[in-house]
Amino acid sequence: MCGRIDDLIIIGGQKVYPRDIESRLATHPAVADAAAFAMPHPIRGHVALAAVILHRPAASGELLAHCRDTLGADRAPAAILILDALPRTEIGKVDRRALQEMVAARQSAPGSANRRGV
């Protein structure tokens, strides 16, 4: 098993486990921590996104290319958020719901109409 079944991301009928994306991001030298999560998509059902904490500067495009090299374009995240800290639950697990809410808030902000699915 690659991750918790309730965290499973279904993209156009294809199963993507967040752990696969997180493991790939963790191999990039700039990434200190990573979390992948699903966001609703009107056509594909869901789209995978990722949030990262960095050791050193890196562009989200560089991190996306790093994921696509191994995972392929269909399983790689559609976008990567660079954050100062990942939201966590009281027991220390990544709070994927808080990440979803953060993206939803950004999407509803003025001037955010064409943000590549984020």
Side-chain angles (χ1 to χ4, degrees):
M1 189 68 130
C2 297
R4 292 176 43 162
I5 194 73
D6 58 344
D7 290 337
L8 181 66
I9 304 167
I10 309 269
I11 303 170
Q14 182 176 359
K15 296 177 182 177
V16 178
Y17 288 94
R19 188 73 205 139
D20 293 341
I21 296 170
E22 294 161 357
S23 295
R24 181 59 185 158
L25 283 166
T27 66
H28 191 283
V31 175
D33 200 2
F37 57 101
M39 286 298 291
H41 187 275
I43 297 169
R44 301 185 81 194
H46 289 97
V47 63
L49 301 181
V52 297
I53 308 304
L54 300 177
H55 287 297
R56 64 173 175 80
S60 60
E62 174 186 348
L63 301 173
L64 287 169
H66 181 76
C67 287
R68 288 183 186 130
D69 287 347
T70 301
L71 299 173
D74 291 343
R75 295 174 41 99
I80 297 178
L81 306 168
I82 298 172
L83 303 175
D84 293 328
L86 294 175
R88 299 209 176 260
T89 64
E90 290 180 11
I91 61 172
K93 292 185 178 187
V94 172
D95 189 341
R96 295 179 201 284
R97 181 168 286 131
L99 288 168
Q100 292 168 333
E101 291 169 359
M102 184 183 309
V103 170
R106 288 182 182 193
Q107 287 176 335
S108 65
S112 63
N114 292 316
R115 287 193 184 180
R116 295 186 39 204
V118 179

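Below, each value reflects all heavy atoms present in this structure, side chains not excepted, and no hydrogens, waters or symmetry copies. As the structure is a prediction and not an experimental result, all values here were calculated from the model. Position 1 is the first residue of the sequence, and the numbers go up from there.
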Shortest non-hydrogen contact between [X] and [Y], atoms and distance:
{"X": "R56", "Y": "P29", "answer": "NH2-CG, 3.5 Å"}
{"X": "A58", "Y": "I82", "answer": "O-CD1, 3.4 Å"}
{"X": "R68", "Y": "P77", "answer": "NH2-O, 4.3 Å"}

Side chains of I11 and V47, heavy atoms from C-beta outward: is any pair under 4.5 Å?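 They are not in contact (no side-chain heavy atoms under 4.5 Å apart), so the answer is no.
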L81 side chain reached by V52 side chain, heavy atoms, under 4.5 Å: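 Not touching, per the 4.5 Å side-chain cut-off.
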Could you walk me through whether V31 and H55 pass side-chain contact (heavy atoms from CB on, under 4.5 Å), step by step? CA-CA 6 Å; V31 175; H55 287 297; 6.0 Å; no
Examine distances only and state if a side-chain atom of H66 and a backbone atom of L25 form a donor-acceptor pair shorter than 3.5 Å.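 Pair absent, no side-chain N/O of H66 close to backbone of L25.
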Please answer whether the main-chain N or O of A105 pairs with a side-chain N or O of S108 as donor and acceptor at a distance below 3.5 Å.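 Indeed, once roles are kept as given, a pair shorter than 3.5 Å links the two residues.
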Quick one, L71 with V16, criterion side-chain contact (heavy atoms from CB on, under 4.5 Å). Give me CA distance, side-chain angles, the key distance, then yes/no. CA-CA 10 Å; L71 299 173; V16 178; over 6 Å; no
[atom1]/[X] to [atom2]/[Y] distance, rounded to the nearest 0.5 angstrom?
{"X": "M39", "Y": "L49", "atom1": "CE", "atom2": "CG", "answer": "6.5 Å"}
{"X": "Q14", "Y": "R44", "atom1": "CD", "atom2": "CZ", "answer": "8.0 Å"}
{"X": "H46", "Y": "I9", "atom1": "NE2", "atom2": "CD1", "answer": "8.5 Å"}

Please list all pairs passing the side chain to side chain donor-acceptor pair (under 3.5 Å) test where one or both residues lie in residues 73-88, with sequence neighbours left out.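 Qualifying pairs: D20-R75, D33-R88.
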Kindly list each side-chain donor-acceptor pair under 3.5 angstrom involving residues 96-103, sequence neighbours excluded, with atom names and distances?
| residue | atom | partner | partner atom | Å |
| --- | --- | --- | --- | --- |
| R96 | NE | D7 | OD2 | 3.3 |
| R96 | NH1 | E22 | OE2 | 2.9 |
| R96 | NH1 | A36 | O | 2.4 |
| R96 | NH2 | E22 | OE2 | 3.3 |
| Q100 | NE2 | A38 | O | 2.8 |

